[in-house]
Amino acid sequence: MYRPSHFTNHLFKDDHLYISYEQKLTVVEKDGFTCVEGYEHVLHGWFIIDFIKAVDQYSNIDTTHIKRQINEKLAWYHENWDVHREAPEDMKVIFEDV
């Protein structure tokens with residue numbers, strides 16, 4: 001489950017990719033915050049991109065939905081932040097195959 005952050009000027013730094021091999025991931029409200037339960041690992045930053053590329057290369061898991069969300073986050077980033085560029089302005093997508 002990919003959870004993008006739209007409250008920062010960083011591209012993926014505050015995003016989360018929750019990974020579970022056994023349990024179904026669930027989103028719950030706790031003390032006024034939205035949390036994810038059932039994950040075994042969580043990745044942040046550009047490691048998310050590396051992990052999705054590895055999943056695509058070494059497994060049969062369909063990552064299309066997550067790759068679309070990542071491309072949407074990149075588009076949002078370019079529309080909303082013009083300083084502190086972590087990605088060049090001409091980089092319009094990260095995943096071409098979605």
Side-chain angles (χ1 to χ4, degrees):
M1 178 185 298
Y2 174 63
R3 302 286 301 216
S5 171
H6 293 101
F7 303 104
T8 179
N9 63 339
H10 299 286
L11 184 52
F12 299 117
K13 178 182 175 189
D14 297 319
D15 293 5
H16 298 85
L17 180 67
Y18 296 94
I19 303 163
S20 176
Y21 301 107
E22 302 287 329
Q23 298 182 49
K24 181 177 178 165
L25 298 172
T26 56
V27 178
V28 296
E29 293 289 327
K30 285 188 177 179
D31 301 322
F33 295 97
T34 303
C35 304
V36 176
E37 291 184 342
Y39 64 91
E40 296 166 44
H41 305 283
V42 62
L43 298 176
H44 305 270
W46 286 89
F47 290 116
I48 294 169
I49 307 306
D50 295 337
F51 183 79
I52 295 301
K53 288 179 180 179
V55 169
D56 284 347
Q57 184 173 354
Y58 297 108
S59 78
N60 293 325
I61 297 172
D62 182 11
T63 60
T64 302
H65 180 68
I66 293 171
K67 291 189 288 189
R68 282 188 186 130
Q69 288 180 292
I70 289 169
N71 285 342
E72 289 169 5
K73 172 66 185 283
L74 178 62
W76 172 89
Y77 176 78
H78 284 312
E79 290 172 10
N80 291 281
W81 299 102
D82 59 356
V83 296
H84 186 68
R85 288 262 174 227
E86 290 182 38
E89 197 167 349
D90 62 346
M91 179 190 284
K92 299 301 180 190
V93 296
I94 293 176
F95 295 103
E96 300 280 343
D97 60 338
V98 293

Derivation of the side-chain contact (heavy atoms from CB on, under 4.5 Å) call for Phe95 and Ile66: CA-CA 10 Å; Phe95 295 103; Ile66 293 171; over 6 Å; no
Carefully, step by step, assess Ile52 and Leu17 under the rule side-chain contact (heavy atoms from CB on, under 4.5 Å). CA-CA 10 Å; Ile52 295 301; Leu17 180 67; 4.0 Å; yes
Residues in salt bridge (charged side-chain N to carboxylate O under 4.0 Å, His left out) contact with Glu37, at least two apart in sequence or another chain: Lys30
Which residues satisfy the salt bridge (charged side-chain N to carboxylate O under 4.0 Å, His left out) test with Asp97, sequence neighbours excluded? Lys67
Closest approach of [X] and [Y], non-hydrogen atoms and distance?
| X | Y | answer |
| --- | --- | --- |
| Lys73 | Leu11 | NZ-O, 2.6 Å |
| Asp14 | His10 | OD2-CD2, 4.4 Å |
| Ser20 | Gly38 | OG-O, 3.1 Å |
| Ile49 | Ile70 | CD1-CG2, 3.5 Å |

Please determine whether side-chain contact (heavy atoms from CB on, under 4.5 Å) holds for the pair Thr34 and Glu29, giving the CA-CA distance in whole Å, both sets of side-chain angles, and the decisive distance to 0.1 Å. CA-CA 5 Å; Thr34 303; Glu29 293 289 327; 2.8 Å; yes
Membership question, hydrophobic clusters at under 4.5 Å side-chain separation (ILVMFWY): are [Y] and [X] in the same one?
| X | Y | value |
| --- | --- | --- |
| Val55 | Tyr39 | no |
| Ile61 | Tyr2 | yes |
| Phe33 | Phe7 | no |
| Ile19 | Val36 | no |

Do other residues, nucleotides or ligands put more than 12 heavy atoms under 6.0 Å from the OH atom of Tyr18? yes
For His44, look at atom NE2 and say whether over 12 heavy atoms of other residues, nucleotides or ligands are found less than 6.0 Å away. yes
Could you give me the CA-CA distance, side-chain angles and deciding distance for Phe51 and Thr63, then say whether side-chain contact (heavy atoms from CB on, under 4.5 Å) is met? CA-CA 11 Å; Phe51 183 79; Thr63 60; over 6 Å; no
Distance, nearest 0.5 Å, that separates CZ of Phe47 from NE2 of His41: 14.5 Å
Donor-acceptor pair, side chain of [X] and main chain of [Y], under 3.5 angstrom:
| X | Y | value |
| --- | --- | --- |
| His78 | Met91 | yes |
| Lys92 | Leu74 | no |
| Glu40 | Tyr21 | yes |

Quick one, Met1 and Val27 - any side-chain contact, counting heavy atoms below 4.5 Å? yes
